[in-house]
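Note: hydrogens, waters and symmetry copies are ignored here, and every other heavy atom, side chains too, is used. Throughout, a chain's letter reflects where its sequence line sits, starting with A, and its residues are numbered from 1.
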Amino acid sequence: MSKPSVPQGMRDLTPEVVRRRQYIFSTLRNIFEQCGFQPIETPSMENLGTLMGKYGDEGDRLIFKVLNNGLNEAAKHDKTRAALENVLSGRNDANLTERALRYDLTIPFARYVVMHQHELQFPFRRYQMQPVWRADRPQKGRYREFWQCDCDIVGTNSLINEAELLYIYREAFYRLQVPQVIVRINSRKVLTGIAQFCGAEEKLVDITTAIDKLDKIGSEGVSKELQQRGLTEEQLNNILRLINIRDLAEMEAAFSEKEIHTGLDGIKELKDTLAYHDTLGSSTWNNSEIKIDFTLARGLSYYTGVIVEVNCADERVQMGSIGGGGRYDDLTGLFGLKNLSGVGVSFGIDRIYDVMEQLELFPESIAVGTKAMIVNTGGANEHYALGILQQLRTKGIAAEIYPEPVKFDKQMKYIFNRNIPFSIIIENEERETNTVRVKGFPEAGQLRMGIDELIEKLA
RNA sequence: GAGGUAGUAGCUCAGUUGGUUAGAGCGCCAGUUUGUGGCACUGGAGGUCGUGGGUUCGAGACCCAUUUAUCUCCCCA
């Protein structure tokens, strides 16, 4: 028998880790609920057709596909063999796989909206916190199974929604106390405008993926990549000029000069969003900022309007984006429901966890589970102890009893290692006088007290 | 999908140009003592050296494959 293991890129989570993750989840859930979002869940698997073609070629490659059952049935052999040939040549075939693990939460949500459209009240605000799977090569901050926390609003074009989502990002990272949070914002329309500006709209995808890498490979790298994609010298110079603009007004002037309407629409979107956000925002935020970044592109192909991405700029962490999102004007159109615009953001909670762990941002208090443990001295004392245990739990105090009357040493060590703050000692004397002895008060040693006092002190 | 680095006890790691029964610290178990927590002392358990092949008289060490982790590219949360 070989050693047991888990699949590549997937992990067991220890009690300490789960508690910390739950701290993040509950922080986000509180904000979502406060902002009027409703929770939904969708299945781990979707029909393959629901997912394919939604995330670009690279995304398709990373979808975990599930092999059909019953392929060994003789009657299906011919079909299965034919299907395998299809798969070998790079196509999908429902005779081999018809289901896949979900790749993100947005596409399943779009599918959900279409299927439940007649029972939903629009604008519909939902949040969803579930794992997603990607067949990517694991790296730092990159897992094959990870959780996303999404909130989306569908059925409204208002930029108030964009502003609210910016609020949610900043409020969340404020409550979690993640330092140096940068929320970068751009509009796909600005990117289209840039492509139109230099007369290369048909190369929009090439241009956006190239300039998305600006901070990584620099202007020279971008030029090189765009040259390979067949852009002329003049087009290149125009792009380099535009992507070095950091200022809304300046970009607006550039678009005006050539009457690039799409680009000007994008600028207006950004202006309005920021104006709403200024009113909505909180003056107590001291750990985050919003930055216009005309080179922000984001990979997912379905975005059409404002896009955002969040990073932690603290030098001590080297982490990719910890959240992202944007507006998609016709996502439900893919499933037959036209003219429904949506906008949403996603929190990458595994990465947020890694950042918080590295920066030691988790409060001590969340590590505590059991508050008090009763030392077991056996005999009649056990029943007396169980009665007290019952009373503590009724009062909402998390308590345990050591299940065996082994020696004090061992029990005390267990209590210490479990990080349980209070130990309750019950021997004959305590039982006979209806009291307990308690350790765990700083600078107080052991205290003898009655049950009511015990409950009062621990509550 | 391409490449680099790594894998020895539950954990952190030693292991000299390949050479007897593979070690340490911590942890764990038993005991002693303090007759009620991290101390001290004594003893003990636990490893087919990631897995599978190969080279060799002999492999933890060298070679190949495979698997997992980690990093870079690609892409992303």
Side-chain angles (χ1 to χ4, degrees), chain A residues 1-12 14 24 28 55-63 90 102-106 129-150 169 205 208-210 212-213 216-217 221 225 296-301 303 307-312 317-326 344-355 372-377 402 405-427 429-430 436-441 445-448:
Chain A
M1 195 68 188
S2 55
K3 287 183 181 176
S5 63
V6 294
Q8 186 182 42
M10 303 186 180
R11 311 164 288 167
D12 286 327
T14 62
I24 300 175
L28 295 180
Y55 308 108
D57 292 342
E58 188 67 17
D60 284 353
R61 211 166 58 82
L62 300 179
I63 293 172
R102 77 165 95 74
Y103 179 90
D104 75 349
L105 300 180
T106 305
M129 306 197 286
Q130 288 189 279
V132 302
W133 294 269
R134 295 184 189 179
D136 210 344
R137 183 150 211 171
Q139 274 181 46
K140 187 175 190 66
R142 178 177 300 185
Y143 308 100
R144 290 186 143 186
E145 176 181 54
F146 61 97
W147 284 61
Q148 290 188 331
C149 299
D150 275 30
Y169 265 144
V205 174
T208 52
T209 55
D212 194 32
K213 300 177 197 162
K216 211 172 199 175
I217 59 178
E225 186 153 336
L296 175 66
R298 289 188 57 70
L300 299 175
S301 44
Y303 292 122
I307 49 179
V308 295
E309 193 161 302
V310 186
N311 287 80
C312 173
V317 295
Q318 293 292 324
M319 186 61 75
S321 59
I322 54 179
V345 292
S346 179
F347 288 82
I349 92 108
D350 295 80
R351 285 188 176 177
I352 294 169
Y353 176 94
D354 288 345
V355 167
M373 172 154 244
I374 301 178
V375 174
N376 190 335
T377 55
Y402 199 92
V406 296
K407 49 187 226 175
F408 273 72
D409 245 20
K410 195 177 162 83
Q411 298 194 42
M412 295 308 274
K413 194 168 187 179
Y414 179 86
I415 293 168
F416 175 79
N417 287 337
R418 281 277 311 280
N419 222 351
I420 296 171
F422 293 99
S423 35
I424 298 170
I425 298 155
I426 293 163
E427 291 183 293
E429 198 179 338
E430 284 73 35
V436 295
R437 271 186 293 148
V438 188
K439 297 179 64 136
F441 300 105
Q446 296 181 37
L447 294 177
R448 173 170 292 162

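Applying the side-chain contact (heavy atoms from CB on, under 4.5 Å) criterion to A:R448, with sequence neighbours excluded, gives A:E429, A:E430, A:T435, A:R437. For the side-chain contact (heavy atoms from CB on, under 4.5 Å) test, residues two or more places apart in sequence or in another chain that qualify with A:P131 are A:R102, A:W133, A:E145, A:W147. Remark: A:D350 pairs with A:R11, A:R21 by the side chain to side chain donor-acceptor pair (under 3.5 Å) rule, at least two apart or across chains.
A side-chain donor-acceptor contact under 3.5 Å links A:Q411 to the backbone of A:N376. Under a 3.5 Å cut-off, the side chain of A:R144 and the backbone N or O of A:P138 do not form any donor-acceptor pair.
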Just the atom pairs and distances: protein N or O near nucleotides 70-72 of chain B's N or O, under 3.5 Å.
residue : atom : partner : partner atom : Å
B:rC71  : OP2  : A:K140  : N            : 2.2

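Rounded to an integer number of Å, the gap from CZ of A:F146 to P of B:rA77 is 7 Å. Spacing between atom CZ of A:F347 and atom C1' of B:rC76 amounts to 18 Å, rounded to whole angstrom units. Regarding A:E58, its CD atom lies at a distance of 14 Å from the P atom of B:rC73, rounded to whole Å. Rounded to whole Å, atom P of B:rC75 lies 11 Å from atom CG of A:D136. Between the CD atom of A:Q8 and the P atom of B:rU66 there is a distance of 13 Å, rounded to whole Å. Atom pair A:I307:CD1 and B:rC76:P shows a separation of 11 Å (rounding to whole Å applied). Across the protein-nucleic acid pair, A:I63 atom CD1 and B:rC76 atom P stand 13 Å apart, rounded to whole Å. For the pair A:M319 CE and B:rA77 C1', the interatomic distance rounds to 10 Å; values are reported in whole Å.
Counting non-hydrogen atoms of other residues, nucleotides and ligands closer than 6.0 Å to CG of A:N417 gives a total above 12.
With P as the reference atom, B:rU48 and B:rU5 are 28 Å apart, rounded to whole Å. For B:rU36 and B:rG43, the C1' atoms lie 25 Å apart once the distance is rounded to whole Å. Annotation: B:rC28 and B:rU67 have their C1' atoms spaced 29 Å apart (nearest Å). Nucleotides B:rU32 and B:rU21, compared at atom C1', are 31 Å apart to the nearest Å. To the nearest whole angstrom, the two P atoms, one in B:rG10 and one in B:rA6, are 23 Å apart. Comparing the C1' positions of B:rA14 and B:rC57 gives an interatomic distance of 28 Å, to the nearest angstrom. B:rA22 and B:rG46: their P atoms are spaced 14 Å apart (whole Å). Across B:rG25 and B:rU17, the matching P atoms stand 25 Å from one another, rounded to whole Å.
Side-chain contact between A:I425 and A:F408: present, with at least one pair of heavy atoms (C-beta onward) separated by less than 4.5 Å. You'll find the side chain of A:I426 reaches within 4.5 Å of the side chain of A:I424, heavy atoms only. Counting only heavy atoms from C-beta outward, the side chains of A:M412 and A:S423 approach each other to under 4.5 Å. With a 4.5 Å cut-off on side-chain heavy atoms, A:F347 and A:I24 do not count as touching. Looking at heavy atoms from C-beta onward, A:T377 lies out of side-chain contact with A:P405 at the 4.5 angstrom threshold. Using a 4.5 Å cut-off on side-chain heavy atoms (C-beta onward), A:F146 and A:R134 make contact.
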Checklist line | Paired and unpaired positions of RNA chain B as dot-bracket, Watson-Crick or G-U wobble under 3.5 Å, | denoting a partner strand | finding: (((((((..((((.....[...)))).(((((.......))))).....(((((..]....))))))))))))....

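Checking B:rA30, B:rU68, B:rA77 against every side-chain atom of A:R298, the shortest atom distance belongs to B:rA77.
With RNA chain B read from its 5' end, the first of the two nearest nucleotides for A:M10 and A:S346 is the one closest to A:M10.
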Note to self: Protein within reach of the bases, or only the backbone? For nucleotides 32-38 of chain B, mark each nucleotide 5' to 3' as B, S or -, using heavy atoms under 4.0 Å.
What the structure shows: --B-BBB

